[in-house]
Amino acid sequence: MQKHFFVTWGLLLSIFVAMPFMASGDALASQARTVFEQHKSAVVMVRIMMSFSFEGNENEEEMEATATLINAQGLAVLSLTAVDPMALYGEAMGQNVTSKLLSLTVLAENGREVEYEVALRDKDLDLVYIRPKEKEETPFPFVDLTQAGVPELADPLVIISQLGKVGRRAHTLLIERVETVVEKPRKYFTIGEDRSKALMCSPAFTMQGNFVGIGVMRAMLNPAAQRSQRAAMVIIVPVSDILEGAKQATAE
């Protein structure tokens, strides 16, 4: 009987010890869901039609990428690599690869398809800003660039993406922590490398719902190595950098 008494209290003790962590996890999940519901409508899928020319061979390809709407007129931002991936490949491999953007279509809410065009490219930051070809009467949902979030190391982030056609265009939510904060020459953040694919083009938010930035490709050739050897990673470019291009894209 005495043995049963101690086992029971040992079990209860472990439950009480775990309760603060369970409550903390539940609170984090609740905050993340609130941020997700607040911003998911501003995260859209872009259908990209490209033509490629490589060593005399030409072909067309359809791709898709996540974009973030950043004003009511439909201006959106995503990674330039997502719109023109072969440009990065051609430079890395030392090959003469040319590409041409044929069309951009944003799959907006309620199945609405809106034809888009490129407003501004920023190769240094791997950003491209796109806008509707024709003015839309209905305002777009968007994230507010003036409500920027600047996380610190180990802070949790809410990352919102969208599945493709097979996933019925469902929005997805990831909770990740900032693993690196790089200050110079330009500030950026990183999360775990294993989640880089999900981060690419996707917006990240603080747990308070402030916009942190989007996932883009950061690459660098190694001068001491062959051109085929390239260091690349997905980073979060901050809102402060996105805002600069947004002002230019809007002014044009």
From Leu69 atom CG to Arg131 atom CZ, the distance as rounded to the nearest 0.5 Å: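 Going from CG on Leu69 over to CZ on Arg131, the span is 15.0 Å.
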
Approximate separation, where rounding is to 0.5 Å, of Leu80 CG and Leu120 CG: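 Leu80 atom CG to Leu120 atom CG measures 10.0 Å (nearest 0.5 Å).
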
Lys/Arg N to Asp/Glu carboxylate O, [X] vs [Y], below 4.0 Å:
X      : Y     : value
Glu113 : Arg47 : yes
Lys40  : Glu37 : yes
Lys100 : Glu58 : no

Asp26 backbone acceptor or donor facing Ser30 side chain under 3.5 Å: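 Flag not set: sc Ser30 to bb Asp26 has no pair under 3.5 Å.
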
Could you list the donor-acceptor pairs under 3.5 angstrom formed between side-chain atoms of residues 70-78 and any protein atom two or more places apart in sequence or on another chain?
residue : atom : partner : partner atom : Å
Asn71   : OD1  : Gln73   : N            : 3.0
Asn71   : OD1  : Gly74   : N            : 3.0
Asn71   : OD1  : Leu75   : N            : 2.9

Looking at side-chain heavy atoms only, is the closest gap between [X] and [Y] below 4.5 Å?
X      : Y      : value
Glu115 : Leu104 : no
Tyr116 : Ile130 : yes
Met45  : Val106 : no
Arg218 : Tyr188 : yes
Glu152 : Val181 : no
Phe142 : Ser41  : no
Thr68  : Val143 : yes
Ile214 : Ile242 : yes

Which heavy atom in [X] sits nearest to a heavy atom in [Y], and how many Å separate them?
X      : Y      : result
Val216 : Leu127 : CG1-CD2, 3.6 Å
Arg121 : Val128 : CG-CG2, 4.1 Å
Ala82  : Met63  : O-CE, 4.2 Å
Gly213 : Val239 : N-CG2, 3.8 Å
Asp144 : Thr146 : OD1-OG1, 2.6 Å
Val114 : Pro132 : CG1-CB, 4.1 Å

Lys/Arg cation over aromatic Phe189: Arg177, 6.0 Å, 45° cone: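 Arg177 over Phe189 ring: no.
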
Joint hydrophobic cluster, Val118 plus Phe140, side-chain heavy atoms closer than 4.5 Å: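 Yes, one cluster joins them.
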
Single-linkage hydrophobic cluster, 4.5 Å side-chain cutoff, Phe52 and Val46 together: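 Hydrophobic grouping puts Phe52 with Val46.
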
Glu117 atom CD: more than 12 heavy-atom contacts under 6.0 Å: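 Above 12, so yes.
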
Residues in salt bridge (charged side-chain N to carboxylate O under 4.0 Å, His left out) contact with Asp241, at least two apart in sequence or another chain: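 Arg186.
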
Non-neighbouring partners of Arg195 that pass salt bridge (charged side-chain N to carboxylate O under 4.0 Å, His left out), sequence neighbours left out: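 Testing Arg195 for salt bridge (charged side-chain N to carboxylate O under 4.0 Å, His left out), a comparison that skips the adjacent residues, returns Glu176.
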
For Leu102, the rest of its hydrophobic cluster, which grows through side-chain links under 4.5 angstrom: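 Leu102 shares its hydrophobic cluster with Met49.
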
Remaining members of hydrophobic cluster (4.5 Å side-chain criterion), Leu163: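 Hydrophobic cluster check, Leu163: no partners found.
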
Ring pair (Phe, Tyr, Trp, His ring centres under 6.0 Å) contacts touching residues 31-51 (sequence neighbours left out):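 For residues 31-51, and leaving out neighbouring residues, the ring pair (Phe, Tyr, Trp, His ring centres under 6.0 Å) pairs sorted by first residue read His39-Phe205.
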
